[in-house]
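Quick caveat, the model's predicted, so the values are computed rather than measured. In this chain, residues are counted from 1 in sequence order.
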Amino acid sequence: MSVSEDEEKLLPLAQRWPRASKFLLSGCAATVAELATFPLDLTKTRLQMQGEAALARLGDSARESAPYRGMVRTALGIIQEEGFLKLWQGVTPAIYRHVVYSGGRMVTYEHLREVVFGKSEDKHYPLWKSVIGGMMAGVIGQFLANPTDLVKVQMQMEGKRKLEGKPLRFRGVHHAFAKILAEGGIRGLWAGWVPNIQRAALVNMGDLTTYDTVKHYLVLNTPLEDNIMTHGLSRGLLYKSSTDCLIQAVQGEGFMSLYKGFLPSWLRMTPWSLVFWLTYEKIREMSGVSPF
């Protein structure tokens, strides 16, 4: 049934602009999750950078003398040497990235699920459709977010330069954007987008597919209702590792260097997704948007 222009103006914003509202809500949920778990990401990055900085200073002898302190000691060292709030150093570009990335992937997945593929009348949604939708959502979300992802990585690498005693290249997030744009043009903001979207496709195949499939299975086949308990149970385990600079890392620091920072990285993924999904579902409910 069509709605008149006057009636449309009286509708809640979530109903007038559903996709924009879902984009903003997912961005808000991603911001909460990022703030809650960013210290683990920073710890992981510092662990990975320690060996690289040592190699730059000491060469091959760094294998025996690299200052690895472990996850807990690294976090405590940051607090003692730099201050508690430094655990959130660099969180701004990370939030920018996740607002664009999460907003893009969530809106894309729901559009594919509701409009392109479509659910059956009994609300059943085949697993194969969820897998394809999750991968496509990851690709689109990461492509949109690649400039912010690039800036995030560049800002994190400033920590490595600081450890090596080199001058910093960027004064802040906006300066980093401007400098990358000036040096590489628009195309420069999408440097490395191909491996990034490949990884994002696999990550979202696991994250979105697992959550969507498990949640609706529980709602449709068990006495559980669509509430916070079901949302928590629907969170699957998601594993994450990096193969960036594989050959150089193995040659320079040995095979096990590929797993530096694995523990905080793995530990972060589960609470990040848990906080995101619980927050996202709750703010959708509070905003008058239907559950995911």
| request: Would you please test His216 and Asn221 for side-chain contact (heavy atoms from CB on, under 4.5 Å) and show each step? | output: CA-CA 8 Å; His216 288 95; Asn221 297 281; over 6 Å; no
| message | With side-chain contact (heavy atoms from CB on, under 4.5 Å) as the criterion, how do Ile132 and Phe117 come out once you've worked through the C-alpha distance, each side chain's angles and the decisive distance to 0.1 Å? | response | CA-CA 10 Å; Ile132 295 175; Phe117 293 139; 3.9 Å; yes
| query | Any chain of hydrophobic side-chain contacts (each under 4.5 Å) joining Met106 to Val116? | reply | yes
| With the 4.5 Å side-chain cut-off for hydrophobic clustering, are Leu150 and Val194 part of the same group? | yes
| message | Nearest 0.5 Å, please: how far is CD1 in Ile180 from CZ in Arg169? | response | 8.0 Å
| query | If you draw a 6.0 Å radius around OH in Tyr217, do more than 12 non-hydrogen atoms from other residues or ligands fall strictly inside? | reply | no
| Glu281 side chain to Tyr211 side chain, donor-acceptor N/O pair below 3.5 angstrom | yes
| Between the side chain of Asp207 and the main-chain N/O of Val203, is any donor-acceptor distance below 3.5 Å? | no
| query | Can you list the steps and then say if Ile283 with Val289 is a side-chain contact (heavy atoms from CB on, under 4.5 Å)? | reply | CA-CA 8 Å; Ile283 60 177; Val289 180; over 6 Å; no
| task | Any chance you could measure Thr92, atom OG1, to Glu34, atom CD, to the nearest 0.5 Å? | result | 10.5 Å
| message | Looking at Arg73 and Glu81, is there a salt bridge between them, counting it only when a charged N and a carboxylate O are closer than 4.0 Å? | response | no
| field | Polar side-chain atom of Asn196 near backbone of Asn146 as donor-acceptor pair, under 3.5 Å | value | no
| Does Arg105 make a cation-pi contact with Phe276 (under 6.0 Å, within 45 degrees of the axis)? | yes
| said: Looking at Ser130, is its backbone amide N or carbonyl O close enough to the side chain of Thr209 to form a donor-acceptor pair, meaning the two atoms are under 3.5 Å apart? | reply: yes
| task | Give the cluster check for Ile186 versus Trp193: same hydrophobic cluster or not, with ILVMFWY residues linked at side-chain heavy-atom distances below 4.5 Å. | result | yes
| said: How long is the straight-line distance from CD1 of Ile140 back to OH of Tyr109, given to the nearest 0.5 Å? | reply: 13.5 Å
| Linking I/L/V/M/F/W/Y whenever their side-chain heavy atoms sit closer than 4.5 Å, directly or via other members, would Leu278 and Val219 fall into one cluster? | no
| message | Heavy-atom count check: over 12 atoms from other residues, nucleotides or ligands less than 6.0 Å from His174 NE2? | response | no
| message | Quick test of your reading of the model: are Asp212 and Lys129 salt-bridged, counting only N-O distances below 4.0 Å? | response | no
| said: Are Phe170 and Tyr96 linked, directly or through intermediate hydrophobic residues, by side-chain heavy-atom contacts shorter than 4.5 Å (ILVMFWY only)? | reply: yes
| Does any N or O in the side chain of Glu110 come within less than 3.5 Å of the main-chain N or O of Phe292, such that one atom is a donor and the other an acceptor? | no
| query | Checking Arg284 side chain against Ser290 main chain: does a donor-acceptor pair fall under 3.5 Å? | reply | yes
| remark: Correct closest heavy-atom pair for Phe143 and Ile197 would be N-CG2, 4.0 Å
| query | Is Gln154 close to Phe177 at the side-chain level, that is, under 4.5 Å between some pair of heavy atoms? | reply | no
| task | Please report the shortest heavy-atom distance between Phe38 and Ala94, naming the atom on each side. | result | CE1-CB, 3.7 Å
| 4.5 Å side-chain heavy-atom contact, Thr148 and Pro93 | no
| field | Main-chain N/O of Val99 paired to Ser102 side chain as donor or acceptor, under 3.5 Å | value | no
| If you take all heavy atoms of Val139 and Ala201, which pair is closest and at what distance? | CG2-CB, 3.8 Å
| request: Measure the CG-CZ distance between Leu181 and Arg187 for me, rounded to the nearest 0.5 Å. | output: 13.5 Å
| Closest heavy-atom contact between Leu42 and Trp88? | CD2-N, 4.5 Å
| said: Working note: Trp190 + Asp149, criterion side-chain hydrogen bond (donor to acceptor under 3.5 Å, both in side chains); need CA distance, chi angles, decisive distance, verdict. | reply: CA-CA 9 Å; Trp190 270 268; Asp149 207 19; over 6 Å; no
| message | Can you tell me how far apart CD1 (Ile79) and CG (Leu85) are? Round to the nearest 0.5 Å. | response | 10.0 Å
| task | For the residue pair Tyr101 and Asn204, confirm or rule out a side-chain donor-acceptor distance under 3.5 Å. | result | yes
| Does a side-chain heavy-atom distance below 4.5 Å link Lys22 with Tyr280? | yes
| message | I need the minimum non-hydrogen distance between Pro147 and Leu144, along with the two atoms involved. | response | CD-O, 3.6 Å
| note | Closest non-hydrogen atoms of Val107 and Arg19, given as atom of the first, atom of the second and distance, are CG2-O, 3.6 Å
| How far does CE of Met136 sit from NE2 of His111, to the nearest 0.5 angstrom? | 9.5 Å
